[in-house]
Amino acid sequence: MNSTAADISAMENDLSALSPAAANFLPKRHKMIIDGQATDAATGETFAVVDPTSGQEIARVPQAEAVDIDTAVNAARRAFESGPWPRMKPSERERVMLKLADLLERDAVAFSEIESVNSGRTVPNARAFDVDLSVDYLRYMAGWATKIRGETFSPSVPYVPGANFFSYTLREPVGVVAAITPWNVPLGQAIWKVAPVLATGCTMVLKPAEQTPLTALRFGALLEEAGLPPGVVNIVTGFGETAGAALIEHPGVDKIAFTGSTQVGHMIAAAAATTLKRYTLELGGKSAMIVMPDADPEITIPGTAMAIFGNHGQNCCAGSRLYVHRDIFDSIVEGVINFAEGIRLGPALRADTDMGPLVSWKQRERVLGYIESGVSEGAELLTGGHGATEHGAYVQPTVLGNVRQDMQVVQEEIFGPVLVATPFDDLDDAVRQANATKYGLGASIWARDVQLVHSLIPRLQAGTVWVNTHNILDLAVPFGGVKSSGIGRELGEEAIRHHTELKTVTMAI
Ligand code: ADP
């Protein structure tokens, strides 16, 4: 596909449209936050952060190595062992968290724009999922700080007749948490990790993805203003194989909270085995959407289309496999194709853009490679299939038909706007196909027959089953995967459980 110079500039962000706060922040040479101090990497090395609409450098950040990770973990350790944070009254921690939420809300425009330029997602998308939800999650988790509690027991202890005992449990902070986050919803993912750490009185080192570190660093600038003691939240920037690997292996870390690829999830489980660190893993997905013959097309067509094309398909729980009953397959798939063709690709900052570029040129190549592999194995390209320009990391919303279960495009997580569509003949066939990947993050059922829906839910291997909707997450509702999609749950009370250890106390009375 040939692009003219005019096409190319039309697909690049116009950075002069940024608010002064975002424009002033972006071009800086940024620093990490370690022990409350703005800190360079020990080597002084930095790396570039780019705008995926143009491939242009927009900022530079420190390139942390093992030595910097050591400094950051030691700061978190000191803050945990002897700092005020874990010893503060829960209501004091709650107040600091509420202040942090207020500050994030105050600077919402700058955060949304910085995230949009860096990640390629539109400003309203970044505003909703990185900023507004993060503000809400800090407030939600602030409420938990005062509600962490154990249980009481009246033990019988039959082998000590005549004696009486009383037992209770305490929920104590798990300790120093290493949080490693991906680039798809950068600030949102970071706050999913930060909020339960703060509520439970833990301390942490956060390493955002190397592609999208800017909003985490901007968030770091709010910590002191909110009254957070130094060393409680340390933010380091660096590459996965170096900074990330040093963090997961560090003996000063008590728990790893990771969101990212299943491949790195395996490495974390292996690294944790030597010290029995705790870990929660939110990994890849290949979520199935099952459309029954009685499904309402008015809901199902836009719902399933947005399940894959929302956030450019860069969602771990994206509905990337569509299974439709053969009776309505053609009409549903045609509707989804029309929806895809109506999506306006363009630069993230432009108000009439529905979908920006993918996060990076590398990700664009990866996604296009998957599409090519599907087509070469016999899949039919029903729409899309190309980068929209030779410039910028754009990929057209794509639907593939005529796929087989053994194809890579059906089995592997593409993490881009690519849907595979397959007809099914009966419910057993649908369930068999839906469960036939190594993943188990989400699944959705599109149907009106409530009894059928209830009978289907237990048969699906997934951490979340949606009905007549997809990708709906709430801060109070646990989220996570089964099979190779992860271990543990984020959000809600589950996040509190995963950041605390139970201590049992038994006393003779
Ligand atoms: P993706 O392929 O989508 O970038 P990754 O799992 O590679 O997913 O990245 C998610 C996060 O994991 C990023 O913050 C990245 O730096 C980090 N990461 C990548 N490789 C490693 C590793 N070997 N050890 C620890 N963290 C890693």
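When reading the values below, keep in mind they use all heavy atoms of this one structure, side chains included, and skip hydrogens, waters and symmetry mates. Because the structure is predicted, anything quoted here is derived from the model rather than measured. Order of appearance sets the numbers: ligands from 1, and atoms from 1 within every ligand.
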Exercise: do [X] and [Y] side chains pair donor with acceptor under 3.5 Å:
X      : Y      : value
Thr437 : Lys483 : no
Glu412 : Tyr370 : yes
Ser444 : His470 : yes
Gln363 : Glu365 : no

For [atom], the protein heavy atom that lies nearest, with its residue and separation:
atom                    : answer
atom 16 (O) of ligand 1 : Glu210 OE1, 2.5 Å
atom 19 (C) of ligand 1 : Gly240 CA, 3.5 Å
atom 25 (C) of ligand 1 : Gly244 C, 3.2 Å
atom 5 (P) of ligand 1  : Ser261 OG, 3.6 Å
atom 17 (C) of ligand 1 : Ile180 CG2, 3.6 Å
atom 23 (N) of ligand 1 : Met267 SD, 3.3 Å
atom 20 (N) of ligand 1 : Val264 CG2, 3.5 Å
atom 4 (O) of ligand 1  : Trp183 NE1, 3.1 Å

**Asked** What atoms in ligand 1 come closer than 4.0 Å to a heavy atom of Phe258?
**Response**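 Checking each atom against Phe258, I get 6 (O), 11 (C), 12 (O).
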**Item:** Atoms of ligand 1 close to Ala209 [distance to a heavy atom under 4.0 angstrom, numbered from 1]
**Value:**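 Within the 4.0 Å cut-off of Ala209, ligand 1 contributes 13 (C), 14 (O).
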**Request:** Please lay out, stage by stage, how Arg139 and Glu105 fare under the test side-chain contact (heavy atoms from CB on, under 4.5 Å).
**Result:** CA-CA 11 Å; Arg139 288 183 180 144; Glu105 192 169 51; 2.8 Å; yes
**Message:** Taking side-chain hydrogen bond (donor to acceptor under 3.5 Å, both in side chains) as the definition, give me every residue that meets it alongside Asp40, ordered by chain and number, with sequence neighbours left out.
**Reply:** Lys31
Do any side-chain atoms of residues 226-242 form donor-acceptor pairs under 3.5 angstrom with protein atoms, and if so which ones, sequence neighbours left out?
residue : atom : partner : partner atom : Å
Asn234  : OD1  : Asp35   : N            : 2.8
Asn234  : ND2  : Met204  : O            : 3.0
Asn234  : ND2  : Gly231  : O            : 2.9
Thr237  : OG1  : Pro62   : O            : 2.6
Thr242  : OG1  : Phe239  : O            : 3.3

**Fill in**
Checking Thr259, Thr181, Thr280 against Lys193 for side-chain hydrogen bond (donor to acceptor under 3.5 Å, both in side chains), the one that qualifies is Thr259
**Prompt:** Hey, is atom 14 (O) of ligand 1 under 4.0 Å from any protein heavy atom?
**Reply:**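 Given the 4.0 Å cut-off, atom 14 (O) of ligand 1 counts as touching protein heavy atoms.
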**Asked** Given that the side chain starts at C-beta and the backbone is N, CA, C, O, which of these parts of Thr181 lies under 4.0 Å from ligand 1, counting heavy atoms, or is it both or neither?
**Response**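 Near ligand 1, Thr181 shows its backbone, while the atoms from C-beta on stay back.
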